[in-house]
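To keep things clear, I will list the structure first and then write my remarks on it.
Values below: all heavy atoms of this structure, side chains included; hydrogens, waters and symmetry mates excluded. Naming convention: chains lettered A, B, ... in sequence-line order (proteins, then strands); numbering from 1 in each chain.
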Amino acid sequence: MSTNSFGEYGGQYVPEALMPAIEELTDAYERYVRENEAGFIDEFRQRIRDFGGRPTPLERAEQLSQRYGTDVYLKREDLLHGGAHKLNNALGQVLLAKYMGKDRIIAETGAGQHGTATAMAAAHLDMPCEIYMGKTDIGRQRPNVFRMRTNGAEVNAVTTGRGTLKEAISETMRDWARTVENTHYVIGSVVGPHPFPSMVRDFHALISEEARDQTREQVGRLPDAVLACAGGGSNTMGTFHHFLEDDVDLYAVEAGGSSLSVDEAAGVAPNSASLSTGEEGVLHGSRTKVLQDSHGQIMESHSVSAGLDYAGVGPELAHLVDEGRVQAVNVDDVAALEAFHRLSQLEGVIPALETAHAFGYLEQEQDTLGDLVLVNVSGRGDKDLETVLEETRERDLSIAPDMEIFREVAGGSL
Amino acid sequence: MSTNSFGEYGGQYVPEALMPAIEELTDAYERYVRENEAGFIDEFRQRIRDFGGRPTPLERAEQLSQRYGTDVYLKREDLLHGGAHKLNNALGQVLLAKYMGKDRIIAETGAGQHGTATAMAAAHLDMPCEIYMGKTDIGRQRPNVFRMRTNGAEVNAVTTGRGTLKEAISETMRDWARTVENTHYVIGSVVGPHPFPSMVRDFHALISEEARDQTREQVGRLPDAVLACAGGGSNTMGTFHHFLEDDVDLYAVEAGGSSLSVDEAAGVAPNSASLSTGEEGVLHGSRTKVLQDSHGQIMESHSVSAGLDYAGVGPELAHLVDEGRVQAVNVDDVAALEAFHRLSQLEGVIPALETAHAFGYLEQEQDTLGDLVLVNVSGRGDKDLETVLEETRERDLSIAPDMEIFREVAGGSL
Amino acid sequence: MSLSEAFSREPAFVPYLAAGDPSFEASLAYVEALARGGADAIELGLPFSEPIAEGPTIQEAIVRSLEAGMTPERFFEFVEALDVEVPLVCMTYYNLVYQYGDGDGPRPFVQRAAAAGIAGFVIPDLPAEEAGPLRRACDEFGLDLVFIVAPTTRGERLERMQEYVSGYVYVQARLGTTGARDEVSDHTEESLARIADWEVPKAVGFGIKTGDHAQRIVSAGADGIIVGSALVDIVAQGHAADEDTATVADRLEAKARELKEGALTGARAVQ
Amino acid sequence: MSLSEAFSREPAFVPYLAAGDPSFEASLAYVEALARGGADAIELGLPFSEPIAEGPTIQEAIVRSLEAGMTPERFFEFVEALDVEVPLVCMTYYNLVYQYGDGDGPRPFVQRAAAAGIAGFVIPDLPAEEAGPLRRACDEFGLDLVFIVAPTTRGERLERMQEYVSGYVYVQARLGTTGARDEVSDHTEESLARIADWEVPKAVGFGIKTGDHAQRIVSAGADGIIVGSALVDIVAQGHAADEDTATVADRLEAKARELKEGALTGARAVQ
Ligand SMILES: Cc1ncc(COP(=O)(O)O)c(C=O)c1O
Ligand SMILES: Cc1ncc(COP(=O)(O)O)c(C=O)c1O
């Protein structure tokens, strides 16, 4: 049995052609990331500060605190360069690739957030970069495609399957299998074969390193509960990591989508709640909790939030849930959309739709989370405005602002 | 003669109905902002840190430094909440309105950056907020309209004139004349009647306060030259303020547009270079340099960058230019578009089109600016992607990335 | 006749039109019709591209006038071409005053205005604080400088204005911009009370629409009424309906009579 | 016949098809045609929804097969329904192996495969490091477990694999995913040299398309050739052109003959 495991989860389920690269990466991870060889970590910290904008603030959410009768604090990863926590990892990995002497970067992207972060990091470090993106996603995430191209990255359309994240990951692995000698694959979450889940977590652990210090400094004690949304689980693990040994409740909030049930025949799970409802399986290089049918075929997941729309989840998070250290919970599309509007209106912070799930849970469980709750704002919602407008209108949510102004001005339809 | 002046510029040219409010504001400015009465400045600094994300980093631009053989440093205002320096001012003024006991906020917006910043600040501080925006601008700046509405602000369409910034300012002044007793007008740049130019400058002066300390700390000395783009001039004055007494060259880079000439008959100046080519006049409450025809009618300005597209400029900046303390320079649309792509590709920082003007000047004058150049990145360019794509295609610029990927995926037109 | 004389016999009716709206010729006829209808003085708007104190009605008049080619020089020609006996007040924004001539402050503009026969100025974006240079030029050429007292104007500000004002004081009936309203504001009496001891005549404007309004304003103690948007509306409607100048002029004259009559009735009520 | 026996007489030709592509029935006919054409062993793909090691040709075959209703259970029925004499190797991804039956690791899947007559496995996403449980199950039921040696596989990794491998070793001719290519890679000889002392037969795959390729590979020292995409292409074209099963089967049989012939020619060149 592999030793690269979190309990039963983890491992390295990849084609043999990639194994040498994975071993090389494991070695580089141990030396540069874990042991700061050649001052890697010092350089990473300096760059994520000057280029990325760390530390991000911890902000007391006044209106939410009042609403819930609980002190609510926001960890503002939305202020990181690029608009999401994603840069912590992208910058770390591109820098590591440089230390490893690689001269080409590839990455997959779904909603485009990881792709844009990687493109930024690659431009910053002067590395050629190609991003794989499903053709469906290219169509619906135009602005992020612009951003990647503008930063000089190539964007390769993935036309297999439904043309979304799952297919993009598979396609990036195929590129890597071909180009592994000079290329590093910057995976976008705490998923994939070891050492990715540990390494990506370590880069994101700056979130909890700062948040823990900030809460102690600003409030004088540790939070009772920490909430983060979970897709692959990278912002989640980053937010939880330094609290794991503390007496702090940790909640991973998944996308409940439109329903927790699954449609076996169609191969579709209308949610992305792999921690809550998935079964142990092997996907994209690691053993973890996976949305799959009874035969082991991977399901198409679904969430209103593209960044949570993934059938797997990080193996460490799966393990922590099995251990009872992390609570896996979920909220549905409607609760997330409402939370999106609530935070925007009450706090002047427009969250990513992914992030909004964490606030949906806060709304639902406001009475049970204790007196001091920390929520990770994993990203900003600028990218989601069109989607939210559309999804909100379809559902006729009363909390949403009307957009009559466009009709007024255009004298017609939106 | 008014004492609220910068040399010949400044003053309070507003309707009598507003004068009491202006006096009240002047008093509040003196007490709260200048003298930190009731701890106003302490609260402002704490909020702009926790909510806004200050301090913003000072980053060495490695690729640019290499390209120019000069140390180039970026002051990263693009990382401020909302994506531009604008929040410094918006948060300061909304907070001040609260201290003054006002219970309603109004503001004008052109490109939508000041409007979104004000909407965010108002949501954060739980103040009702209405934004005036020209109907032309509403049409072409949809995402910013979404953001304002999402933050709970009302957006009022201004249908007079060409329906852009100039008309929106006039309309906001009209609202204020009606509602002055309970309403504060959050003006969006260092323009308008005293005390606005001084007050807005003070809120933005955090930029140079930090940048000056950061350069000394990170480089061990002060820069030889400091560059900032200039529309109304708020990021400009904020970036220059604490360097005014130093032996540092200051460059205000205006939008040269398509040409520095003017079309009197059409009432159009195809640029926004009021410092470089404007004449002394009175606009929107203060005496300053203004783009006007020989009769004194205000011209329609034009720049590819909506945020620079204004016929006036802050009176203090006009004064500093006359004094020779600040150099007024300009670059045209093409140079700005090229600089947009250059910074995006070389540094992984997609600048606002406004900001790109400063980098256009850096490219042109790379040899004459000294060994250590500081450039203010006043905002991020996400808002400009569609515009840049279009304007770049029209001009067939070779530096721009192609967007073939969309054609590939759609199998057709963009 | 001087401006203050225009208020001396009976409550004065002071109409406003934008000069050159919708054309130079028609506008001459309209202004003359107002004089025939009983105007005691007339405010003539010289249009500025950024009329921050105007409501939509007058903004649109300004656009029509500018599009018809109005400039400061044409404005003076307009004044010279007018065949009316009553004093004329130029209402405009400071930038036009400031830019005129060789750029040496407001003096050239005032000199030219005096030559054309203008009796005084109202400059809505020029508070007393900034009015020194214009006041001096007016004194030099014997012109009046009217100031606006807003409902919010109090204390020191009133004193400063009292020092500078001449001709009449323009009492703004309510907050906001110009524009006809159905209600007459309560602020009027309070404002009038605050400046009761001023020597200049007190004319009330902003929102007066009917003879009835006029009557109530005068019975509240005003020495005159100023009416703009209600008249500009008539011009605008005539323009939109493409009516001939004489028809519109008649309608303006009739409206003027109604308003003047209202003012007189108001005055009788006071006595 | 065991897998290694299939390689014992002469250079072996090992074709690959996705079972059930484009339908259960047609696929049976195609596999049988390959046997007639001279296959010494056959790799049968059990399609998985995320085939990360496959190029576009085989990905599409997998989609066709899944859409035609292929499942692990149907796969075993497919194997049972086949009328061929040569050993059959199941090529699939680990999740399907892992999930089968009561979820108790890979054992139930191996047991069922053995019952159906499968001789061994190739699992492209299962490196030696993770292969312990499957190796043990294979041993229990007497099945082979084939590993892939990539051009990048060196040193310790080779030793670990040598320990686990049985049946044959799959030598990956070049980096990347499956798919027919026009060039034969130089890596092949180097890879073969690195494992020269292994006891299992060495079959080379990835990119072999013609009899000519086959000949060169065998003359470079391979004990057999594995051909997938070039055959799947024939299935795909037949499906696209809506040709009948017999026509496509004939074409597959002919292609098989060409490849087997090439291998034999290559072997003669070595002798
Ligand atoms: C803002 C934001 N939050 C969360 C996620 C989900 O990823 P993870 O669960 O790896 O943090 C994404 C993914 O795109 C994202 O963009
Ligand atoms: C990013 C950015 N920079 C600069 C400006 C120009 O304003 P100012 O000259 O007041 O800094 C704007 C205005 O919208 C802006 O959004």
Side-chain angles (χ1 to χ4, degrees), chain A residues 1-5 8 10-24 158-162 166-167 169-183 192-194 265 267 279-288 290 292-300 311-312, chain D residues 46-56 59-60 62-63 66-67 70-75 92-100 103 105 109 123-133 147-158 160-161 170-172 174-179 206:
Chain A
M1 164 86 70
S2 156
T3 54
N4 308 312
S5 296
E8 348 213 82
Q12 300 178 312
Y13 297 82
V14 295
E16 174 57 28
L18 293 181
M19 282 304 295
I22 297 272
E23 290 189 336
E24 184 189 346
V158 178
T159 54
T160 49
R162 235 188 10 150
K166 190 161 65 71
E167 291 80 17
I169 296 184
S170 294
E171 199 59 37
T172 317
M173 290 205 162
R174 289 183 193 111
D175 178 316
W176 204 27
R178 208 161 49 233
T179 59
V180 62
E181 287 161 314
N182 74 334
T183 297
H194 179 83
E279 298 274 334
E280 194 184 327
V282 173
L283 176 63
H284 291 142
S286 71
R287 198 141 22 95
T288 184
V290 177
Q292 53 189 323
D293 69 14
S294 56
H295 304 301
Q297 305 291 3
I298 308 306
M299 302 272 232
E300 298 289 352
Chain D
L46 161 56
F48 177 54
S49 54
E50 313 304 313
I52 57 174
E54 319 297 346
Q59 281 179 56
E60 282 158 26
I62 284 171
V63 170
L66 284 173
E67 283 179 354
M70 184 51 71
T71 64
E73 201 48 55
R74 286 286 282 162
F75 177 81
T92 193
Y93 287 76
Y94 196 53
N95 199 49
L96 297 189
V97 175
Y98 189 77
Q99 296 305 322
Y100 189 82
F109 187 88
I123 312 289
D125 67 342
L126 192 73
E129 284 73 3
E130 307 289 354
F147 283 90
I148 298 172
V149 168
T152 47
T153 313
R154 307 279 155 87
E156 262 184 47
R157 297 201 47 68
L158 278 174
R160 208 173 305 148
M161 208 180 290
Y170 187 143
V171 178
Q172 185 179 325
R174 52 168 176 71
L175 285 176
T177 50
T178 56
F206 270 53

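Contact annotation for Pro51(D): both backbone and side-chain heavy atoms come within less than 4.5 Å of a heavy atom of chain A. Proximity to chain D (any heavy atom under 4.5 Å) is restricted, for Gln292(A), to the side chain, taken from C-beta onward. Neither the backbone nor the side chain of Ile169(A) has a heavy atom closer than 4.5 Å to any heavy atom of chain D. With a 4.5 angstrom heavy-atom cutoff, Ile123(D) does not touch chain A via any of its atoms.
A donor-acceptor distance shorter than 3.5 angstrom exists from the side chain of Gln297(A) to the backbone of Pro47(D), with no hydrogens or angles considered.
Residues Asn95(D) and Gly281(A) approach most closely at OD1-CA, 3.1 Å, considering heavy atoms. Nearest heavy-atom pair, Ser170(A) versus Ile52(D), reported as atom, atom and distance to 0.1 Å: OG-CG2, 3.5 Å. Closest approach of Ile298(A) and Ser49(D) over heavy atoms only: N-OG, 2.8 Å. Pairing each heavy atom of Glu130(D) with each of Tyr13(A), the nearest pair is OE1-OH, 3.4 Å.
Around CD of Glu73(D), the count of heavy atoms belonging to other residues, nucleotides or ligands within 6.0 Å exceeds 12.
Within the 4.5 Å cutoff, side-chain heavy atoms of Arg174(A) are placed close to those of Gln59(D).
Here CZ of Arg178(A) is found 9.0 Å from CZ of Arg174(D). Values are rounded to the nearest 0.5 Å. How far CG of Leu283(A) is from CZ of Phe48(D): 6.0 Å, rounded to the nearest 0.5 Å.
Using a 4.0 Å cut-off between charged nitrogen and carboxylate oxygen, Arg157(D) and Glu16(A) count as a salt-bridge pair.
Annotation: maximal heavy-atom pairing with chain D below 4.5 Å, among His295(A), Met173(A), His284(A), Glu181(A), occurs at His295(A). For chain A, the option among Val97(D), Ile148(D), Val149(D) with the highest count of heavy-atom pairs below 4.5 Å is Ile148(D). Of the listed residues (Ala128(D), Pro127(D), Ala150(D), Gly155(D)), the greatest number of heavy-atom pairs within a distance under 4.5 Å of chain A belongs to Pro127(D).
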side-chain contact (heavy atoms from CB on, under 4.5 Å) between Thr153(D) and Met19(A), intermediate numbers included: CA-CA 8 Å; Thr153(D) 313; Met19(A) 282 304 295; over 6 Å; no
